[in-house]
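This report concerns only the one structure given below.
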Amino acid sequence: MDKKKNLIVFGTRPEAIKMAPLVNQFLADERFETKVCVTGQHREMLDQVLTFFNIIPDFDLSLMKPNQNLYHLTGEVISGLKPILESFQPDYVYVHGDTTTTMAASIAGFYAGAKVCHVEAGLRTNNMLSPFPEEMNRQVAGRVATYHFAPTLKSQENLLKENISKDHILVTGNTVIDALLESANRVEGLENEDVVELSSKIDFEKRIILVTGHRRENHGQGFVNICAALKEIAVQNPDVEIVYPVHLNPNVLKPVNELLGSISNIHLIKPLSYPSFVWLMNHSYLIITDSGGVQEEAPSLGKPVLVMRDTTERPEAVEAGTVILVGTNTNKIIKETQELLDNSNKYNSMSSLHNPYGDGKACQKIIEFISNL
Ligand code: UD1
Ligand code: UDP
């Protein structure tokens, strides 16, 4: 019997982390012929993930440009995939989540007549402008996809409301937990360069507040507010270390370096490799972020998270009690952070372990589903 042909497409750091376990499990399965195409929407931040998970892409569109725009990205992903789709002729094209790579690759896969499989399907805020452009990206991928791998029952519900047939949806858990559990052993006792360097400049006897941020809707005034809050928290709490691996997007790098560059207990560092970041999450007291993936990882690590957004498509972590939405209001970020630093009851109630995003077997479920088609 002919093998089923898979093309797995991704381009940014979070897609790579969440697709890596699926890539490796498909490659090890002889029922399939699997190829990987990276768009290179991200470069350094993508490559570190490929290295950690030992993935060598079959195709690399190498698209990233400094301070790139959505028009360029969308066009280049679609036209860059054309010759690959035409020569490989996959039965299934896998896309992940909600980036421009996701949306454009789902359209390209559809044009090629492949069945598009959407991993991390069904997340919704139902507000097209928040997050921008991710809500549009995932809704388009959801329209175009034939099969929908929903991480939770809530995401399945969202898809059912959009009249997607239940037979075409599988609730799998989020593959981010597959990645996290797979890495956990390799992260324990980690003594790589990043960790040695971090330990040389940061006092890990103190409480660590870990910060990440990159969302387009927070560019401009949002980041000004966030930086003002972090500065105030640092000044008011000299016994705390704020560690901020800054995203390479120039719209983030510039204001963050300008506004926070000279505060002794704020450490602005380069993006960390995935295992080093997991290590740092594990050694943190509290996380302040606007990241989607970090919101999903934190409940499994028992780390409270303040999310610098007004909406979330990940209500499960809020319901589990791990996540509070604080938006980009300076005073609200300061108030909630101070409360978690001062009120141990509140801190303890937010830091118990939960696994709303799965048991680490999402990829296995996806592969069995496809093999039974
Ligand atoms: C992208 C996704 C966002 C996802 C985020 C994860 C879109 C529109 N945005 O946002 O959904 O949550 O990735 O991080 O799909 N850069 C580098 N090196 C890198 C990566 C980025 O220098 O390895 C710089 C480049 O100047 C690049 C810029 O960051 O042009 C923006 O990258 P882009 O992928 O367009 O946007 P992100 O904000 O990273
Ligand atoms: N991450 C990482 N290094 C860092 C910061 C984050 O490897 O310095 C990982 C993190 O563990 C998570 C993912 O990157 O799995 C989140 O990526 P990001 O916040 O860029 O994107 P989002 O999840 O918001 O789309």
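Indexing begins at 1, ligand by ligand and atom by atom, following the structure's order. The model shown is predicted, which means the values in this text are computed figures rather than measured ones.
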Original post:
Cationic tip of Lys4 within the cone over Phe32's six-membered ring, i.e. under 6.0 Å and within 45° of the normal?
Top reply: no

**OP:** Any atoms of ligand 2 less than 4.0 Å from a non-hydrogen atom of Pro245? List them with their elements.
**Re:** 8 (O)

Original post:
Can you find an N or O of Thr99 that's nearer than 3.5 Å to an N or O of ligand 1?
Top reply: no

Original post:
Going by the order shown, which atoms of ligand 2 are within less than 4.0 Å of some heavy atom of Glu297?
Top reply: 10 (C), 11 (O), 12 (C), 15 (O)

Original post:
So is Thr212 polar-close to ligand 2, meaning N/O to N/O under 3.5 Å?
Top reply: no

Subject >> Taking atom 16 (C) of ligand 2 as the reference point, the nearest protein heavy atom with its distance >> reply: Ser291 OG, 3.6 Å

Original post:
Is the shortest N/O to N/O distance between Thr101 and ligand 1 below 3.5 Å?
Top reply: no

Original post:
Does Met45 approach ligand 1 within less than 4.0 angstrom via side chain, backbone, both or neither, non-hydrogen atoms only?
Top reply: both

Original post:
Does the N or O separation between Glu134 and ligand 1 drop below 3.5 Å for any pair?
Top reply: yes

**OP:** Would you mind running through ligand 2 and noting each atom that sits below 4.0 Å from a heavy atom of Leu272?
**Re:** 2 (C), 3 (N), 4 (C), 7 (O), 8 (O)

Subject >> Where ligand 1 meets His247 - atom numbers and elements under 4.0 angstrom, heavy-atom basis >> reply: 14 (O), 37 (P), 38 (O), 39 (O)

**OP:** Output the list of atoms in ligand 2 that are nearer than 4.0 Å to some heavy atom of Gly292, sorted by atom number.
**Re:** 22 (P), 23 (O), 24 (O)

Subject >> Identity and separation of the nearest protein heavy atom to atom 4 (C) of ligand 2 >> reply: Arg13 NH1, 3.1 Å

Original post:
To which protein heavy atom is atom 13 (C) of ligand 2 closest, and what is the distance rounded to 0.1 Å?
Top reply: Ile17 CD1, 3.8 Å

Subject >> ligand 2 contacted by Arg215 (non-hydrogen, < 4.0 Å) >> reply: yes

**OP:** Measure Lys18 to ligand 2 on non-hydrogen atoms and call it side chain, backbone, both or neither using the 4.0 Å cut-off.
**Re:** neither

